[in-house]
Amino acid sequence: MKTMVNIALPKGRLGEKVYALLKNAGFSCPELEESSRKLVFENGEKGVRYFWVKPSDVSIYVERGAADIGVAGKDILLEYRPDVYELLDLNIGKCRMAVAGPTGFRDSAGRTLRVATKFPEIAQSYYNEKCRDIDIIKLNGSIELAPIMGLSDVIVDIVETGKTLKENNLEVLETIVPISARLIANMASMNKIFCWNF
Ligand code: PRP
């Protein structure tokens, strides 16, 4: 029986782009292209089993071996530091991690900076390097709202087109790191991957 390689795809536009790349490489799965509420799709002939996962959960599936390979944003890899191999920069899903705040914001070193973010580890290590005291306010979404409503001074968040910032009178103050989608693999799956259909 053919070895099946389990592939965790991030739900959404990025996952669809990744599937298109894999399809072009010869690993199509017609079942996946039909809209349905199924979560797992197989092409036994090609030896692939795809499943859709919440983007921030892909690295958990791969780290624990429930998926052999997956695609995760560099933001997730930096924040959660999963024990996985990072095989390839796919050069898609490009954006940046940045500090943003109200247009014209000036930091005043005399007081603790309030930072709202979904990425507390990235924010903390960025400000540790600058020896800047911060108070992290962990949020789960709509981060841009925090400085507007006075919950924080600045945010550390993903900026892709910059449209959300602009429409809310915020601007990038500092770029922390460029982000893109990475192909990741479970450490114990490498043999299986190398013996695959390549
Ligand atoms: C992300 C990010 C910004 C926005 C940036 O949010 O957190 O809010 O996209 O994109 P832009 O620069 O192209 O405007 P997401 O859409 O993931 O939703 P969220 O607010 O729930 O985090």
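Both counts, for ligands and for their atoms, begin at 1 and track the order of listing. If you're wondering where the values come from, they're calculated on a predicted model, not measured in any experiment.
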Hey, does the side chain of Glu42 reach the backbone of Arg49 with a donor-acceptor pair shorter than 3.5 angstrom? no
Check: Leu113 main-chain N/O paired with Asp153 side-chain donor or acceptor under 3.5 Å: no
Would you say the side chain of Leu139 lies within less than 4.5 Å of the side chain of Lys118, judging by non-hydrogen atoms? no
How about atom 22 (O) of ligand 1: does it have a protein heavy atom within less than 4.0 Å? yes
Residue Val159 vicinity, atoms of ligand 1 by number, heavy atom under 4.0 Å: 12 (O)
If the cut-off is 4.0 Å to any non-hydrogen atom of Ile158, which atoms of ligand 1 fall inside it? 2 (C), 3 (C), 5 (C)
What one should report as the nearest heavy-atom pair of Pro30 and Asn43 is CD-ND2, 4.3 Å
If the threshold is 4.0 Å, N to carboxylate O, is there a salt bridge linking Lys74 and Glu86? yes
Geometry only, no angles: is Gly162 polar-contacting ligand 1 at N/O separations under 3.5 Å? yes
Kindly confirm or rule out an N or O of Asn140 lying under 3.5 angstrom from an N or O of ligand 1. no
Top protein contact for [atom], by heavy-atom distance:
atom	value
atom 20 (O) of ligand 1	Ser142 N, 2.9 Å
atom 4 (C) of ligand 1	Thr164 OG1, 3.8 Å
atom 11 (P) of ligand 1	Thr161 OG1, 3.3 Å
atom 7 (O) of ligand 1	Asp157 OD2, 2.7 Å
atom 8 (O) of ligand 1	Glu144 OE2, 2.6 Å
atom 17 (O) of ligand 1	Lys118 NZ, 4.1 Å

Near-ring test Phe51/Phe41, centroid separation under 6.0 angstrom: no
Let me check something: do Leu151 and Val115 share a hydrophobic cluster, defined by ILVMFWY side-chain heavy atoms less than 4.5 Å apart, either directly or through other members? no
How far does CG of Asp75 sit from OH of Tyr80, to the nearest 0.5 angstrom? 9.0 Å
